Amino acid sequence: MNANSATPTDQPRVLVSGGGIGGNAVALQLLRAGIRATVVERADAPRPGGQAVDLRGPSSEVAQRMGLMPGIRKHQLDERGIVMVDSDGKELLRMPAEMFDGKGAVAEIELTRGDLNQVLLDALAEAGGVDYRYGEWITEISQDDTGVEVTFASGGTERFDILIGADGLHSATRRLAFGPEEEFSTYLGGYMSFFTLPTPAGTEDNWFTMNSLVGATSVGLRPDYDPSTCKAIITMRTDADSTLRRDIPAQQQMIRERLTGGGRIATTVSDAMAAAGDFYFDELARIDMPTYSKGRVVLLGDAGYCGSPLTGQGTAMALVGAYVLAGEIVSNAGDPARALGRYEEVLRPFVATAQELPPGGLKAMTPKSRFGIRAGHLVSRLMTAKIMKPLMMKMLSGTDAYDLPDYAVQTIG
Ligand SMILES: Cc1cc2nc3c(=O)[nH]c(=O)nc-3n(C[C@H](O)[C@H](O)[C@H](O)COP(=O)(O)OP(=O)(O)OC[C@H]3O[C@@H](n4cnc5c(N)ncnc54)[C@H](O)[C@@H]3O)c2cc1C
């Protein structure tokens, strides 16, 4: 063992880049095992926003093992299923959550992404807190056999035993340690946007209302924990346009154009967008890494294996990934190479299934023409037929078979 590397009696110094779901979850598990990580988050405060995210199968098991359920239950949404409507608001099809035993688009546990992040931050504070630095990010990384030297935007340089890149789809850690985003990212054919708006009059309580519009666009309203607000979700199929990145006026203009003439929900969403305090817009993309780690730098969540919101598994992958990564770092505290190798070995089978897109992918979700929309509804109706249930359940239970290792939180020292 190298003299400078961590031994079971000295805690590894861990830096986490990104205070999202993956970053906060891994910091929490490490803290409980006696490793007080440093977390740098580029935003100036916890990022609000995001609509309902799903926890099911292994990710709900991880949430339980991490003791997050009391916090989650406080914010859990009472979402009863999906109702598809036309542009006049007329109901076309209703799919209650129990139709697929909580394994369909509406899962057994739903809460908003912002609320889940807050549950993690509260748990971190309760466990004693970590060295959390908002408005900070990494500008340079250099590593050798004994550690990673990191330069921060604020100017300082520090050395760590392990650097965890949990900084999302457009991860800077991945770019600095592995190479440009284009090498690992596959555009999946469109963009998605989420934001909070006052619940429009006439919205059915506790149901996810969806409307497919002519022009490869869908717009929906999902319940929020506070019934006076709800979450808009807009999905658009289109060619990639790199000029949209970070250009919020251009993103909102694109959405406005897509929603024009789309009826009641589309108009309400379009009108509310500019005032939203948590407007989120990003491309739909998948990240495939040949390896999750390089030396002592390791990727977690969207940074390493984004599947896009189309999979409904982004949060699940970040939570399960954080649990496995922390478990392996703690179990192999003196041997980062072994810990990061084991993390990849254990997690890859889960990721392979979780990254799979639903049948038909984005095309099926956003038909172009009136005919396509009608055909889509027909397919959805067929899927909900009793006779189809065994096949549907098989398709929807992909990650359930994953054998989640048991990492009892072990303390070091
Ligand atoms: C505001 C927001 C809303 C979202 N809403 C939804 C949604 O409604 N539905 C859905 O399916 N998915 C949504 N996502 C994506 C979803 O959170 C992830 O797919 C999933 O939870 C995996 O989490 P992650 O921790 O890997 O990434 P993320 O949750 O994206 O977190 C990454 C974090 O890293 C931070 N960051 C970025 N760059 C840097 C940097 N250079 N240095 C330091 N920090 C950095 C970001 O500010 C963010 O806090 C949203 C993400 C965000 C940030």
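In listed order, ligands and their atoms are each counted from 1. Source: prediction; values computed, not measured.
Counting atoms of ligand 1 from 1 in the listed order, those under 4.0 Å from a heavy atom of Gly168 are 27 (O), 32 (C). For ligand 1, the atoms lying closer than 4.0 Å to a non-hydrogen atom of Ala166 are 32 (C), 33 (C), 34 (O). Atoms of ligand 1 found under 4.0 Å from any heavy atom of Gly301 (numbered from 1 in listed order, with element): 26 (O). For ligand 1 and Ala172, the ligand atoms under 4.0 Å from any heavy atom of the residue are 41 (N). Using a 4.0 Å cut-off to heavy atoms of Val40, the atoms of ligand 1 that qualify are 43 (C), 44 (N).
Looking at heavy atoms from C-beta onward, Glu149 lies in side-chain contact with Thr157 at the 4.5 angstrom threshold. Using a 4.5 Å heavy-atom threshold, the side chains of Asn24 and Tyr132 count as touching. Tyr134 places a side-chain heavy atom less than 4.5 Å from the side chain of Pro46. Counting heavy atoms from C-beta on, the side chains of Glu283 and Ser185 come closer than 4.5 Å. Residues Tyr305 and Arg348 have side chains not in contact (no heavy-atom distance under 4.5 Å, counting atoms from C-beta outward).
With hydrogens left out, the protein atom closest to atom 31 (O) of ligand 1 is Gly20 CA, 3.5 Å, a heavy atom. Among protein heavy atoms, atom 1 (C) of ligand 1 sits closest to Pro48 O, 3.5 Å. For atom 36 (N) of ligand 1, the closest heavy atom belonging to the protein is Asp167 CB, 3.9 Å. Of the protein's heavy atoms, Phe194 CE1, 4.2 Å lies nearest to atom 13 (C) of ligand 1. Annotation: atom 21 (O) of ligand 1 to nearest protein heavy atom, Thr315 OG1, 3.3 Å. With respect to atom 9 (N) of ligand 1, the closest heavy atom belonging to the protein is Gln51 NE2, 3.1 Å. Looking from atom 48 (C) of ligand 1 to the surrounding protein, the closest heavy atom is Glu41 OE1, 3.5 Å. Scanning the protein heavy atoms around atom 51 (C) of ligand 1, the nearest turns out to be Arg113 NE, 3.3 Å.
Salt bridge Arg174/Glu181: present, at least one basic N to carboxylate O contact under 4.0 Å. Using a 4.0 Å cut-off between a side-chain N of Lys or Arg and a carboxylate O of Asp or Glu, Asp167 and Arg175 do not qualify as a salt bridge.
Residue-to-ligand polar distances place Arg42 within reach of ligand 1: an N/O pair is separated by less than 3.5 Å. Taking distance alone, with nitrogen or oxygen atoms compared against 3.5 Å, Trp137 stays at or beyond that limit from ligand 1. Inclusion of Ile21 in the set of residues having an N or O under 3.5 Å from an N or O of ligand 1 is warranted. Looking at ligand 1, you'll find an N or O of Gly22 within less than 3.5 Å of one of its N or O atoms.
Relative to the ring axis of Phe160, Arg296 does not place its NZ or CZ within 45° and under 6.0 Å from the centre. Under a cutoff of 6.0 Å and an axis angle of 45°, Arg133 and Phe152 form a cation-pi pair.
Aromatic ring pairs are classed by plane angle as parallel below 30°, tilted from 30° to 60° and perpendicular above 60°; the pair Tyr343 and Tyr292 is tilted.
Closest to atom 34 (O) of ligand 1 by heavy atom, among Ser17, Ala303, Gly18, is Gly18. When Ala318, Pro309, Ala52 are checked for heavy-atom proximity to atom 12 (N) of ligand 1, Pro309 turns out nearest. When the heavy atoms of Gly307, Gly314, Gly23 are ranked by distance to atom 20 (C) of ligand 1, first place goes to Gly314.
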Audit row: Thr112, Arg222, side chain to side chain contact (heavy atoms under 4.5 Å, CB included) steps and yes/no: CA-CA 10 Å; Thr112 69; Arg222 290 193 87 164; over 6 Å; no
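Heavy atoms of other residues, nucleotides or ligands lying less than 6.0 angstrom from CG of Asp226 number more than 12.
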